[in-house]
Protein chains: 2
Amino acid sequence: MSSARSTPKAVSVHSNEAPRPLRADARRNRERLLAAADEVFTERGAEAAMEDIARRAGVGIGTLYRHFPTREALLVATVEEQLHALARKTQSLAASPSPGDAFAEFLGAFVEHASTYRGLATSLGVVFQSGTPGCTAASEAATRLLSLAQAAGEIRGDIDLDDVVCLVTGITLAAQQTPPEPGRVQRLVRAFIEGLRAPAPSKGARAAQDDARPGGSRAARASRAS
Amino acid sequence: MSSARSTPKAVSVHSNEAPRPLRADARRNRERLLAAADEVFTERGAEAAMEDIARRAGVGIGTLYRHFPTREALLVATVEEQLHALARKTQSLAASPSPGDAFAEFLGAFVEHASTYRGLATSLGVVFQSGTPGCTAASEAATRLLSLAQAAGEIRGDIDLDDVVCLVTGITLAAQQTPPEPGRVQRLVRAFIEGLRAPAPSKGARAAQDDARPGGSRAARASRAS
DNA sequence: ACCTGAACACCGTTCAAGT
DNA sequence: ACCTGAACACCGTTCAAGT
């Protein structure tokens with residue numbers, strides 16, 4: 001239950017339908033493309049050939065590009081509805097008495113979402129920040145749930161939504177890297193959740209000395225030949 | 001396993017050098033290709049154009065394919081030395097008095113390895129199972145370290161090496177998905193390590209591990225930690 | 001035995017022509 | 001206004017010809 005919040009957001013209030021009216025045939029083509037994309041992405045993964053999608057939709061390749069100028073755009077549009085569903089689920093989870101458990105369940109749902117198409121996770125970062133209504137809704141709901149869980153002291157505080165997106169991306173990508181061993185995703189999610197639980201139990205000053213070079217050491221490697 | 005030769009486990013004992021002698025020019029080309037690949041992969045990521053590598057090496061594209069019939073093969077060969085280094089580091093870590101901390105450090109090193117080229121992590125699963133000496137060495141050392149940490153009760157038992165490879169792949173891929181925020185990798189690694197710690201603590205039992213820590217407001221501390 | 005690079009195949013994207 | 005598909009560009013891979 002989301003009560004009174006009058007946040008001055010001002011952005012991205014547009015419906016799921018066309019922002020401006022499309023001609024009848026164009027509208028039909030758009031929907032055929034979305035349906036075909038969903039099918040083909042499901043069958044062949046998110047890197048399926050664009051022409052396959054156009055063919056499946058029964059339109060020319062040019063029509064596809066007219067409606068969706070990039071593959072990302074098509075992906076985003078195809079995933080919109082699922083994002084809305086994820087947002088709804090997340091919102092309902094926010095009402096849970098145990099925000100920590102709710103967040104855990106959210107993580108699982110998010111991973112499931114990211115797994116709808118093989119290879120979707122690769123673009124998840126981009127897709128999730130594309131600013132469509134579905135993205136915004138899911139993003140806001142997730143942020144809220146995370147804050148609740150952190151405020152309740154059930155999830156560690158040094159984690160932000162971007163980290164979570166990274167986690168989900170990573171778990172999903174990683175699980176797809178290997179032959180589909182079904183238990184693995186759950187195991188990884190569970191392990192991750194345990195890791196996210198607050199407080200981080202300190203068994204000494206471990207992990208404090210993690211070497212922290214983001215870019216470095218190519219010069220050292222480059223000098224190997226001589 | 002058709003062991004036409006005598007030694008039963010003889011497979012992986014061969015030097016880093018050529019398995020069979022190469023003509024002088026071929027040998028030189030091979031090394032030029034490896035050096036060029038390292039440079040180009042570093043600059044442009046693991047999906048760099050093969051022709052760029054050939055050009056950088058000063059050889060024809062056909063020569064590249066003669067030596068390395070697939071991109072994976074070239075990647076694997078380029079990464080061999082680093083894998084040996086990782087294996088050595090892992091072996092030395094196995095002597096640590098705290099297998100759990102040692103494993104944590106190994107995870108960090110593994111992630112760093114997987115980050116040497118942008119996009120390497122995508123192929124990490126394949127690369128890591130390619131059966132080269134470096135892979136085998138690193139893989140065996142890692143398995144041993146993991147077993148030690150599990151036997152010591154410091155890492156949860158329901159995790160295998162494939163899971164770890166997945167974790168590393170995931171963390172690395174995920175961190176590359178987002179703009180390079182340097183703290184993120186360490187944060188994710190640390191969170192993951194906490195998750196891997198055994199036993200998976202129940203919410204009530206967790207405090208027991210936190211033995212002599214004074215100051216009970218853990219959530220408050222966690223929320224501002226960086 | 002090895003090298004070379006033109007040739008082939010494939011795929012994403014554009015755009016002039018059509019309705 | 002929208003659709004079409006031939007054309008273009010790019011890149012990975014092969015192979016006949018050269019040394």
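Naming: A, B, ... by sequence-line order, numbering from 1 per chain. Scope of the values below: all heavy atoms of this structure, side chains included, with no hydrogens, waters or symmetry mates. Computed from a prediction, not measured in an experiment: that's the story for all the values here.
- The CZ-C1' distance, from F68(B) to dG12(D), rounds to 17 Å in whole Å.
- The side chain of A49(A) approaches dG12(C) more closely than any other nucleotide in the set dC2(C), dC3(D), dG12(C).
- Between dG12(D), dC2(C), dC2(D), one nucleotide has an atom nearer to the side chain of D25(A) than all others, and that is dC2(D).
- One finds no side-chain N or O of N29(B) lying less than 4.0 angstrom from the OP1 or OP2 phosphate oxygen of dC2(C).
- Looking at heavy atoms from C-beta onward, L120(B) lies out of side-chain contact with F41(B) at the 4.5 angstrom threshold.
- Remark: C1' of dC2(C) and CZ of R32(B) are 14 Å apart, rounded to the nearest angstrom.
- Atom C1' of nucleotide dA6(D) and atom CD of E51(A) are separated by 11 Å, given to the nearest angstrom.
- The heavy-atom pair separating T172(B) from V168(B) by the smallest distance is OG1-O, 2.7 Å.
- L124(A) and A114(A) make their closest contact through CD2-CB, 3.9 Å (heavy atoms, listed as atom of the first residue, atom of the second, distance).
- At least one donor-acceptor pair under 3.5 Å links the side chain of D163(B) to the backbone N or O of D160(B).
- Going from atom CD1 of I61(A) over to atom P of dT14(C) covers 11 Å, rounded to whole Å.
- Put simply, OH on Y65(B) is 19 Å from P on dC2(C), counting in whole angstrom units.
- Set against dC3(D), dA6(C), dT13(C), the side chain of M50(A) has dT13(C) as its closest nucleotide.
- Between the side chain of R190(A) and the backbone N or O of A104(A) there is no donor-acceptor pair closer than 3.5 Å.
- Side-chain atoms of T70(B) come within 3.5 Å of backbone N or O of A73(B) as a donor-acceptor pair.
- Taking the side chain of L22(B) as heavy atoms from C-beta on, and the options dG12(D), dG12(C), dC2(C), the nearest nucleotide is dC2(C).
- Residue H67(A) places none of its side-chain N or O atoms closer than 4.0 Å to OP1 or OP2 of dC2(D).
- We find that CG of D52(A) is positioned 14 Å from P of dT13(C), with the value rounded to whole Å.
- Across the interface with DNA chain D, nearest-nucleotide mapping of R23(B) and T63(B) shows T63(B) to be the residue nearer the 5′ end.
- The backbone N or O of V126(A) sits nowhere less than 3.5 Å from a side-chain atom of E72(A) that would complete a donor-acceptor pair.
- The CD1 atom of I53(B) sits 11 Å away from the P atom of dT13(D) (whole-angstrom rounding).
- With pairs defined as Watson-Crick or G-U wobble and both atom distances under 3.5 Å, the stems of at least three pairs that touch DNA chain C come out as C:4-8 with D:12-16, C:12-16 with D:4-8.
- Here the C1' atom of nucleotide dG12(D) and the CZ atom of R71(B) are 8 Å apart, to the nearest Å.
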